[in-house]
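The structure appears right after this line, and notes come after that.
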Amino acid sequence: DTGVSQNPRHKITKRGQNVTFRCDPISEHNRLYWYRQTLGQGPEFLTYFQNEAQLEKSRLLSDRFSAERPKGSFSTLEIQRTEQGDSAMYLCASSLEFGDHEQYFGPGTRLTVT
Amino acid sequence: SQQGEEDPQALSIQEGENATMNCSYKTSINNLQWYRQNSGRGLVHLILIRSNEREKHSGRLRVTLDTSKKSSSLLITASRAADTASYFCATDAVSGNTPLVFGKGTRLSVIA
């Protein structure tokens, strides 16, 4: 499979718990992006990596959110002390550093905080 | 914040008809991309048009770009029930170092 994969696909958690999502990008892509999408809205940027370096973070990314890409391959997004407002689809995408930066998206992780 | 604005927000057509969706954006861009999203799923890349291009075709898709008006349109010809989905435009800023900025999407329903 050469596409972007994300795990888990669905996560239900209680408010206050920590959750971690994983994204495996297309192998030759050195850029990896995280987006969040709520119902009826388009995806909103959270953060992105070039190789293992985290180059940009959105103001949406509160202190409770942290992302890593330790070896420049897969990435994890952790949300600590989840709140109901964190319920959303979390999308990962990857692209090449050069060229048109076409981004290819994974299937997403749907988080429900109860 | 979301830069793109798709119009209309929702569109319902009969199978076989053409569907046109519009997108407006605010700042100078490197390129503009269109994505499709089926309900509850990830986004599928449809087509990319660069800022120096005016029109591009891919199968039943035709995209136009007018940088003077900061707008783009996506035309789907001979629509099929399987085209039912949300369609988003996304812009890649001139710097090339910022992520895509998406609009809120157009929800297309194709009735068989």
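Numbered from 1 within each chain, the chains take letters A, B, ... in sequence-line order. Basis for what follows: all heavy atoms, side chains included, without hydrogens, waters or symmetry-related copies.
Around the CD1 atom of A:Ile12, the shell of radius 6.0 Å holds no more than 12 heavy atoms that belong to other residues, nucleotides or ligands. For B:Lys56, the NZ atom sits in a packed shell: over 12 heavy atoms of surrounding residues, nucleotides or ligands are nearer than 6.0 Å. Around the CD atom of B:Glu17, the shell of radius 6.0 Å holds more than 12 heavy atoms that belong to other residues, nucleotides or ligands.
Between B:Phe88 and A:Gln41, every side-chain heavy-atom pair lies at or beyond the 4.5 Å cut-off. Taking the side chain as every heavy atom from C-beta outward, B:Gln33 and A:Glu102 approach each other to under 4.5 Å.
Alongside B:Leu48, the hydrophobic cluster contains no other residue (criterion: ILVMFWY side chains under 4.5 Å).
For B:Arg107, no part lies near chain A; criterion is any non-hydrogen pair under 4.5 Å. Within the 4.5 angstrom heavy-atom criterion, no atom of A:Gln6 approaches chain B. Neither the backbone nor the side chain of B:Gln9 comes within less than 4.5 Å of any heavy atom in chain A.
At a heavy-atom separation below 4.5 angstrom, chain B is approached by A:Met89, A:Leu91 within residues 78-93 of chain A. Heavy-atom neighbours of chain B within the stretch residues 18-25 of chain A, taken at a separation under 4.5 angstrom, are nonexistent. Interface residues of residues 105-114 of chain A toward chain B, defined by a heavy-atom distance below 4.5 Å and sorted by number: A:Phe105, A:Gly106, A:Pro107, A:Arg110.
Rounding to the nearest 0.5 Å gives a distance of 7.5 Å between CZ of A:Arg9 and CZ of B:Arg41.
Checked by atom type and distance alone, the side chain of A:Tyr35 pairs as donor or acceptor with a backbone atom of B:Leu100 at under 3.5 Å.
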Practice problem: Start with the C-alpha distance between A:Phe45 and B:Phe102, add both sets of side-chain angles, then the distance that settles ring-ring contact (aromatic ring centres under 6.0 Å, His included), and finish with yes or no. | Solution: CA-CA 9 Å; A:Phe45 168 74; B:Phe102 285 83; over 10 Å; no
